[in-house]
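Only one structure is covered here, and it is reproduced in the block below.
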Amino acid sequence: MPAAKIAKKNPRAIAEAIVAELQDDPLFAEVSIAGPGFINLKVTSQMLSAHLIELAESENKLVANTGQGQMAIVDYGGPNTAKPMHVGHLRASIIGESIKRTLKLIGYDTKGDIHLGDWGTHMGMVISEFEIRHPEWPYFDKSKKDGFPEEPPITIQDLETLYPQASQASKSDEDRMAISRAATAELQKKQPGYYALWQHCFNVSVAAMKNNFAALDVYFELWLGESNAQDYIPDMVTRLQEKGDAIEDQGAIVIHVQREDDKKEYPPLILYKRDGSVMYGTTDLATIVQRMDDFSPAKIIYVVDQRQHLHFEQVFRAARISGIAPETTELTHAGFGTMNGEDGKPFKTRAGGVMKLEDLIKMGIEKATQRLDEANIGQDYSAEERADIAHKVAIAAIKFADLQNSRTADYVFDLDRLTSFEGKTGPYLLYQTVRIKSLLKKAAAQNVESKKLSALHLAEFETQLGLTLAEFPNVVELAAKNYTPHVLADYTYRVSQAFSSFYGNCHILNEDDEDIKQTRLYLCAMTLDVLERGLDLLGIPTPERM
RNA sequence: GCACCCGUAGCUCAGUGGAUAGAGCACUGGUUUCCGGAGCCAGGUGUCGCAGGUUCGAUUCCUGCCGGGUGCGCCA
């Protein structure tokens with residue numbers, strides 16, 4: 001049809017010419033024209049059979065190596081130290097994790113960087129709050145330069161209750177805010193006592209985060225943050241000023257990023273505020289300097305809330321203008337939509353607060369445990385295995401419910417949906433993998449191991465399943481190109497459905513015809529492989545049984 | 001005011017110029033002496049926000065309008 005447009009010919013005529021060309025191609029069992037010029041191709045079962053065997057035996061599942069070992073940095077997660085992780089961190093973590101895993105499969109050397117918010121005003125609020133409450137602590141003795149206690153004076157629970165109070169106090173009282181700002185400035189100068197206390201807050205927060213992320217099966221190669229980029233700032237700004245890219249404007253040092261042909265207004269990126277302190281744009285730009293120095297990445301992907309899009313455009317423009325990031329390094333803000341409540345506003349609990357990520361996971365686990373009990377499953381399993389299953393089911397439910405939404409759109413937080421186990425859900429996908437594992441174990445017990453085959457016997461349901469399995473590399477490439485995990489989520493569901501349909505209609509172990517039986521076993525093993533790989537790209541681990 | 005995102009079935013969402021616009025939930029019926037019923041099969045639902053335009057063809061691209069959300073120099 002598009003060819004007709006280019007050639008300015010009747011699409012039907014072009015279709016006929018193409019069909020004539022393909023008619024005798026041995027790949028196709030049937031070539032026909034439909035409607036205004038659609039060409040329907042039906043591959044032969046020999047061709048499909050050969051292709052499926054190739055796919056099954058391919059180590060990389062026929063996914064093209066587009067990355068060629070180049071470095072891709074995925075910046076995601078981005079929690080702040082001293083603040084509890086809430087459900088809002090869910091998307092940033094799991095979308096980023098999936099994008100990173102997908103880029104790895106297409107051949108990139110990937111590094112996930114958590115990019116902690118550990119150097120901002122919120123840390124000044126917390127530290128000054130401690131000083132107000134515990135002025136006797138050694139950290140607040142301005143004459144003391146070293147020898148601070150090694151044991152943290154605080155726990156994560158202390159931080160979680162203290163931060164909201166410190167924040168509230170600062171926001172509602174100008175004088176209190178001035179104290180927070182002053183503490184922030186002192187901290188950023190690495191005043192010894194403050195810095196030692198900051199280090200404790202950092203360590204305690206990071207330990208708690210690691211638990212949260214491990215529960216979600218999210219892992220970072222780099223635990224860097226704003227504080228790590230600070231050392232790059234002074235030289236960077238000096239260089240930019242010498243080059244004339246950064247100039248003084250209204251008392252601040254800024255980079256203008258507006259272009260002649262822009263339709264809208266782009267505010268300049270502020271490097272130093274009037275009072276001489278830095279902003280997060282400064283840190284983000286310095287972080288690019290650091291990343292270029294350390295890794296010369298081909299891509300830096302930021303998985304951050306869509307609302308920060310303008311900010312990233314400013315940073316990216318500044319990075320190009322200054323030459324900090326060469327044109328060969330792709331800078332992309334893969335933004336995601338906000339999690340809204342039923343009222344269309346950013347999600348809040350009924351009490352008006354935020355729901356902690358831990359609590360959401362706990363609810364999912366409770367529901368999964370209850371399900372195990374009700375269905376009389378796993379009475380004979382060990383307590384450890386039951387706990388592991390409940391955890392995996394809960395994580396699958398939560399992550400899949402989120403990841404199946406397209407990245408950019410806002411979506412409605414629905415607790416029932418996030419902890420639902422039926423229909424288009426994570427647990428449904430796990431269930432399919434578990435059924436296959438169980439079946440393959442039975443086959444092994446009956447000494448009917450599936451073998452390497454040279455040809456498959458493909459009837460209706462086998463073909464349907466096989467065609468779906470064959471889509472794997474295309475789906476991976478699409479998800480990688482657009483940074484859209486939801487196409488993978490949708491695909492794993494379609495594979496599961498195709499398998500379930502096949503399974504419901506075809507007997508396997510008690511099939512008499514040996515060729516058919518072997519083909520079906522082969523497809524089962526292949527489905528399991530494709531499903532588990534797809535789920536792995538989504539960051540969803542599967543249990544052995546459930 | 002300007003810019004960006006969104007508007008698709010009762011609800012939650014897919015749908016990157018193609019055929020009769022699809023899933024899940026909810027609702028109804030069927031399905032288990034047989035490999036795991038968290039399953040399978042069947043049933044029907046649409047002014048694709050509205051109005052124009054481009055195109056052989058528009059849910060998709062363009063323009064305008066309506067409705068919702070978000071962002072817009074010294075917070076992150």
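Each chain gets a letter, A, B and so on, in the order the sequences are listed, and its residues count up from 1. It should be emphasised that the depicted structure is a prediction, and the values quoted were computed from it without experimental measurement. Hydrogens, waters and symmetry mates play no part in the numbers below; they use all other heavy atoms, side chains included.
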B/A14 OP1/OP2 closer than 4.0 Å to side-chain N/O of A/Ser406: yes
Between B/G37 atom P and A/Met546 atom CE, what is the distance in whole Å? 12 Å
Rounding to an integer number of Å, can you tell me how far A/Tyr503 OH sits from B/U32 C1'? 12 Å
Send over the distance from A/Gln497 CD to B/G39 P, rounded to a whole Å. 11 Å
Using atom NZ of A/Lys424 as one end and atom P of B/A26 as the other, report the distance to the nearest whole Å. 16 Å
Regarding A/Cys524, tell me which of base, sugar-phosphate or nothing describes its non-hydrogen contacts under 4.0 Å with the strands shown. nothing
The residue among A/Val303, A/Ile94, A/Thr408 that forms side chain to side chain contact (heavy atoms under 4.5 Å, CB included) with A/Phe336 is A/Val303
Among B/C34, B/A14, B/G36, find the nucleotide with the atom closest to the side chain of A/Val434. B/G36
Roughly, in whole Å, what's the span from OH in A/Tyr163 to C1' in B/C75? 10 Å
B/C41, OP1 or OP2 - any side-chain N/O from A/Ser501 closer than 4.0 Å? yes
Can you tell me the distance, in whole Å, between the NE2 atom of A/His309 and the P atom of B/C6? 12 Å
May I ask you to evaluate whether A/Thr121 reaches the phosphate of B/C75, defined as a side-chain N or O under 4.0 Å from OP1 or OP2? no
Less than 3.5 Å between a donor and an acceptor, one on the side chain of A/Asn40 and one on the base of B/A19, is that the case here? yes
Could you tell me how far B/C5 sits from B/G15 if I compare only their P atoms? Round to whole Å. 15 Å
Tell whether A/Tyr431 reaches the base of B/A38 with its side chain through a donor-acceptor pair below 3.5 angstrom. no
Whether A/His486 contacts B/G15 is assessed here as follows: a side-chain N or O lying under 4.0 Å from the phosphate OP1 or OP2. Is that the case? yes
Fit a plane to each ring of A/Tyr302 and A/Phe312, take the angle between them on a 0 to 90° scale, and name the class: parallel (under 30°), tilted (30 to 60°) or perpendicular (over 60°). tilted
Please give the distance between the P atoms of B/C41 and B/C4 as a whole number of Å. 44 Å
What distance, rounded to whole Å, do you find between the two P atoms, one in B/A21 and one in B/U60? 15 Å
Is A/Tyr428 stacked against the base of B/A38, taking the criterion as centroid distance under 5.5 angstrom and interplanar angle under 30°? no
Rounded to whole Å, please give me the gap between CZ in A/Arg435 and P in B/C35. 11 Å
Which nucleotide sits closest to the side chain of A/Phe421: B/A38, B/G73, B/A23? B/A38
Rounded distance in Å - CG (A/Asn405) to C1' (B/U12): 8 Å
Tell me whether the side-chain N/O atoms of A/Arg520 come closer than 4.0 Å to OP1 or OP2 in B/C35. no
Among B/A76, B/G73, B/A38, the one nearest any side-chain atom of A/Tyr280 is B/A76
Note, A/His309 side chain near A/Glu313 side chain (heavy atom, < 4.5 Å): yes
